[in-house]
Participant: 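One structure coming up, written as structure tokens, with questions to follow.
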Protein chains: 2
Amino acid sequence: MAKIATTVYEQIRTAILTGELSNSERLVEEDLAVSMGISRTPVREALRRLAAEGLVDVSPNRGARVAEWDVHDLREIFDLRSILESHACELATPRASAAEIEFLENVCFEMEELAKTDLSSETRLPALAARNRIFHGKIIEMSNSTRLGLLIETLIHVPIVMQTYKVYSPEALQRSLHHHREIVNAMKAGDEVWASSVMRAHVLAAREEILGQPDPE
Amino acid sequence: MAKIATTVYEQIRTAILTGELSNSERLVEEDLAVSMGISRTPVREALRRLAAEGLVDVSPNRGARVAEWDVHDLREIFDLRSILESHACELATPRASAAEIEFLENVCFEMEELAKTDLSSETRLPALAARNRIFHGKIIEMSNSTRLGLLIETLIHVPIVMQTYKVYSPEALQRSLHHHREIVNAMKAGDEVWASSVMRAHVLAAREEILGQPDPE
DNA sequence: TCAGGTGGACTTGTATACCATCTCGTACGA
DNA sequence: TCGTACGAGATGGTATACAAGTCCACCTGA
């Protein structure tokens, strides 16, 4: 049997990421357990893991709640992503094989084709978002730094970051796809400064698209 | 009573960090529980928390072991620290108050005095290491980015990183202290580029001091 | 009427018992 | 002699029972 705790973890996680569980909603161990037909023990373990990732807040003897994020949190996340993902580009560029470059080019092509189609956003946006994750994930994998990957992973799982494309204007989407192409071109040229600079711009542009102008503090 | 699980967590954690538990040593839940006179439940929770932080490795049905790190891991950690801590400097510089600058200068002074003394290393090195952590921690706190702090925290707890000064030569120690002074001076001057550059150099110098020349891969 | 205390319901934290699974050794057969 | 299969012992995972802490509402007394 696959570990129940892991299953529970994934269920709650996706429930949070899809917005099924609203912000700061209470997560009572007993309720979750009976609703899934299991005991509290695996639920506890799942909640602890989610707490370690920052997806839920737990107070001693007071239970767990869905964590909430404000604009300041999101700004922090995008800033850090811009630094870490551009570093991943820097590491990946000198290591990139021809096959890996080709893989990235394929993803670019698929996304460009998707962007041209006129499908309803219900099917187009998830497909774009999925390939976007593949693109970024591949570069992180190519960087060959497990810890860098782990750090970025802990930053990504905030809902709004996962669903970036939902709020993109057509122009922003085009710019994003051009960035992807440019990153691959820079990697093909073996220019890690170029590649990492584009990646940094890419993430920072996403930040502004989502958050608007920098908050005056 | 303070949560038993937390107590257990801290005990195991310090045991690992001080080297009391040797590398890849098995951590049997039952043994730990009876040796502390408690049940397995809080031990389990403590081990999961440590696993989430990367201090122990758990394999399904095979138990938990103290995690081990090789040179490549340490290189990754110092590289990431150099990036993240320099970013902390960049954020902290424009926010630094006069009181905070003075606090950092005090820490510098204390470390310089400690370095002059002839105390046995048993008392001098821990005192230096403690103040070093305070210095770096203060700058991270000043950066006002909780997530940045969390990311750095997850990188720090590898024993050898904690005990940096143990392997320092007198020259390296002097250079390290000079770096600290220079960082504070740069922050006082409000020059975040200068400050972050020194911090980056500071961490990378530590990397080379500890790991020697870059591995040829 | 309001302040403070008290009781109870609810929830988390801990202990224990039970079950599933893995590991490793031994014996049997090819 | 080597390989495989079976089984005993140990270990991790799950469920349930119980203890302890928190929060809220109600009640009492000034």
Side-chain angles (χ1 to χ4, degrees), chain A residues 1-17 20-69 146 150 157, chain B residues 1-16 20-69 146 150 153 157:
Chain A
M1 169 160 51
K3 291 210 309 175
I4 294 182
T6 302
T7 312
V8 177
Y9 161 79
E10 286 165 357
Q11 281 190 23
I12 300 177
R13 181 188 158 102
T14 58
I16 294 175
L17 293 183
E20 198 175 324
L21 290 167
S22 55
N23 255 13
S24 77
E25 182 162 335
R26 279 194 70 184
L27 297 171
V28 180
E29 297 176 2
E30 182 72 23
D31 296 354
L32 292 169
V34 296
S35 77
M36 296 180 182
I38 56 176
S39 80
R40 272 177 52 209
T41 313
V43 175
R44 279 181 70 80
E45 181 172 334
L47 288 177
R48 300 311 158 124
R49 280 169 67 180
L50 291 164
E53 292 186 15
L55 270 172
V56 308
D57 291 332
V58 294
S59 318
N61 291 319
R62 293 181 53 195
R65 295 175 169 281
V66 178
E68 43 188 339
W69 310 272
T146 50
L150 288 174
H157 48 39
Chain B
M1 169 158 48
K3 287 211 309 176
I4 294 181
T6 303
T7 313
V8 177
Y9 161 79
E10 285 165 356
Q11 281 189 23
I12 300 177
R13 181 188 157 100
T14 58
I16 293 175
E20 196 176 322
L21 289 167
S22 55
N23 255 14
S24 74
E25 183 161 335
R26 282 196 67 184
L27 297 170
V28 180
E29 296 178 0
E30 183 70 25
D31 296 354
L32 292 169
V34 296
S35 77
M36 295 180 181
I38 57 176
S39 82
R40 276 175 53 203
T41 312
V43 176
R44 283 177 67 82
E45 181 171 333
L47 287 178
R48 300 309 160 124
R49 280 170 66 179
L50 291 165
E53 292 186 15
L55 270 172
V56 308
D57 290 331
V58 294
S59 317
N61 293 318
R62 293 182 54 192
R65 296 176 169 279
V66 178
E68 44 188 338
W69 309 270
T146 49
L150 288 174
E153 211 171 85
H157 48 41

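Within every chain, numbering begins at 1; the chains are lettered A, B, ... in the order of the sequence lines, protein sequences first and strands thereafter. Computed from heavy atoms alone, side chains included, the values below leave out hydrogens, waters and symmetry copies. Computed from a predicted model, the values in this text were never measured in an experiment.
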Participant: When the distance from CD of E45(A) to C1' of dT14(C) is rounded to whole Å, what number comes out?
Facilitator: 16 Å
Participant: Just grab all the side chain to side chain donor-acceptor pair (under 3.5 Å) pairs involving residues 54-63 of chain A, residues at least two apart or on different chains.
Facilitator: none
Participant: Can you tell me how far P of dG13(D) sits from CZ of R49(A), to the nearest Å?
Facilitator: 11 Å
Participant: Tell me every residue that passes side-chain hydrogen bond (donor to acceptor under 3.5 Å, both in side chains) with E45(A), counting only those two or more places apart in sequence or in another chain.
Facilitator: R48(B)
Participant: Looking at every strand, decide which applies to L27(A) at a 4.0 Å heavy-atom threshold: base, sugar-phosphate, or nothing.
Facilitator: sugar-phosphate
Participant: Write down the protein N/O and nucleotide N/O pairs, taken from nucleotides 5-8 of chain C, whose separation is under 3.5 Å; answer none if there are no such pairs.
Facilitator:
none

Participant: Who passes side-chain contact (heavy atoms from CB on, under 4.5 Å) against A51(B), sequence neighbours left out?
Facilitator: V56(B), V58(B)
Participant: In whole Å, what is the span from the CD atom of E30(A) to the P atom of dT12(C)?
Facilitator: 9 Å
Participant: Rounded to whole angstrom units, what separation is found between the CD1 atom of I4(B) and the P atom of dT16(C)?
Facilitator: 11 Å
Participant: Mind checking what makes side-chain contact (heavy atoms from CB on, under 4.5 Å) contact with S39(A), not counting sequence neighbours?
Facilitator: T41(A), P42(A)
Participant: Do you know the tightest heavy-atom contact between A67(B) and G54(B)?
Facilitator: CB-O, 3.5 Å
Participant: Which listed nucleotide (dT14(C), dG13(D), dG13(C)) is nearest to the side chain of E29(B)?
Facilitator: dG13(D)
Participant: Taking side-chain hydrogen bond (donor to acceptor under 3.5 Å, both in side chains) as the test, write out the residues that go with E53(A), two or more places apart.
Facilitator: Y9(A), R13(A)
Participant: According to side-chain contact (heavy atoms from CB on, under 4.5 Å), who are the partners of V28(B), at least two apart in sequence or on a separate chain?
Facilitator: R26(B), E30(B), D31(B)
Participant: Can you list, by residue number, the residues of residues 58-66 of chain A that have a non-hydrogen atom closer than 4.0 angstrom to DNA chain D?
Facilitator: N61(A), R62(A)
Participant: Considering residues at least two apart in sequence or located in another chain, which fulfil the salt bridge (charged side-chain N to carboxylate O under 4.0 Å, His left out) criterion with E68(A)?
Facilitator: none
Participant: Quick one: does L27(A)'s side chain get under 4.5 Å of L32(A)'s, heavy atoms only?
Facilitator: yes
Participant: side-chain contact (heavy atoms from CB on, under 4.5 Å) with T6(A): which residues, sequence neighbours excluded?
Facilitator: K3(A), E10(A), R49(A)
Participant: Using a strict heavy-atom distance below 4.0 Å, which residues from residues 32-44 of chain A are in contact with DNA chain C?
Facilitator: R40(A), R44(A)
Participant: Could you check if a side-chain atom of L55(A) sits within less than 4.5 angstrom of a side-chain atom of V66(A), using non-hydrogen atoms only?
Facilitator: no
